[in-house]
Structures are given as C-alpha cells and as structure tokens.
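Any value given below was found using the heavy atoms of this structure, including those in side chains, with hydrogens, waters and symmetry copies removed. Predicted, not measured: the structure shown is a model, and the values here were computed from it.
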Amino acid sequence: MIDWNRIAALRDEVGREGFDEVVQMFLEETDATIRSLAGRPGPGLEEMLHFLKGSALNLGFVAVSRLCEEGERLAAGGRGSEVNLDALIAGYRLARMDFLTGLESRSGIPPAPHRP
C-alpha cells in the first residue's frame, strides 16, 4: 500500500525538515481533494483524480495512485459516473492511516539506496 523506499528517497532528496513540510502540504492538499471527491464532483473529476494520482505517487501511496489512475481513465472517457469514489476514499483513508502509523514507527527510516 505504501512504498517506503519512495518515502526514504524523498526524505533524502529534500532533507528531514523539508520532508516534514512536504508531508504536511501533501496531507492538507490531499485531504481537501478527498473531501471534494466525497461531495461527488461533476466537472473537474478527471483533473482532481490526476492531481491526487500525482501527489499519491510522490509520497508512495501506490494503491491510491492506481485507483486514481483507473478513475482518471474512466472520467477522461466520459464515464466519470462509473468511478468508484467510495473505494478511492476508503483506500486513501486506509493508506493515510498506514502512512502516519508507519512514520511514527519508522522515525529512523533508513536512507534510500543510492543509485549510480
């Protein structure tokens, strides 16, 4: 559900303080998007899913990103009413909880492997 290697790499890229800021901004923005999705948006669904997909990928929310990608494809094809927003919202909430719990228990997330 969460790609902890991606999280470690991001922390290495931006530093500890920068990482904390990225996490805070991610949670604020994605929580707001999820609230909007819960309101059953009409126009703009594809763009919201695209934003959420990219944000989720950046912070290692792999399962959420996949759900967003599937929904984005449906919305782009004019089938936005077929997007399972309930599954997406539930998946995000579960991933968010797993992420926050994991951050607490992994306060010493090891650095990401360096690539040549």
Over all atoms of both residues, closest heavy-atom pair of [X] and [Y]:
X: S65; Y: A56; answer: N-CB, 3.9 Å
X: M1; Y: L94; answer: CE-CD2, 3.4 Å
X: L45; Y: G80; answer: CD2-O, 3.7 Å
X: W4; Y: L103; answer: CH2-N, 3.6 Å

Working to the nearest 0.5 Å, report the span between [atom1] of [X] and [atom2] of [Y].
X: Q24; Y: E29; atom1: CD; atom2: CD; value: 10.5 Å
X: S81; Y: R79; atom1: OG; atom2: CZ; value: 8.5 Å
X: T33; Y: E47; atom1: OG1; atom2: CD; value: 12.0 Å
X: E69; Y: H50; atom1: CD; atom2: NE2; value: 10.5 Å
X: R73; Y: E46; atom1: CZ; atom2: CD; value: 11.5 Å
X: E70; Y: E82; atom1: CD; atom2: CD; value: 10.0 Å

Open item on the list: When you compare the side chain of L37 with that of V83, does any pair of heavy atoms fall below 4.5 Å?
Closed with: no
same_hphob_cluster([X], [Y]) at 4.5 Å side-chain heavy-atom cutoff:
X: V64; Y: V62; answer: no
X: L57; Y: F51; answer: no
X: M25; Y: L59; answer: no

Task: Among L88, L85, I89, L52, side chain to side chain contact (heavy atoms under 4.5 Å, CB included) partner for L67 - done: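 Looking at L88, L85, I89, L52, the match for L67 under the side chain to side chain contact (heavy atoms under 4.5 Å, CB included) is L88.
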Task: CZ/R6: more than 12 non-hydrogen atoms of other groups inside 6.0 Å - done: yes
Open item on the list: Ring-plane angle category for F61 and F99, please: parallel below 30°, perpendicular beyond 60°, tilted otherwise.
Closed with: tilted
Open item on the list: Tell me which one of T101, D31, T30 satisfies side chain to side chain donor-acceptor pair (under 3.5 Å) with R96.
Closed with: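 So, applying the side chain to side chain donor-acceptor pair (under 3.5 Å) to R96 and each of T101, D31, T30, only D31 qualifies.
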TODO: Could you please spell out the steps behind the side-chain contact (heavy atoms from CB on, under 4.5 Å) verdict for N58 and L10?
DONE: CA-CA 8 Å; N58 284 334; L10 178 62; 5.7 Å; no
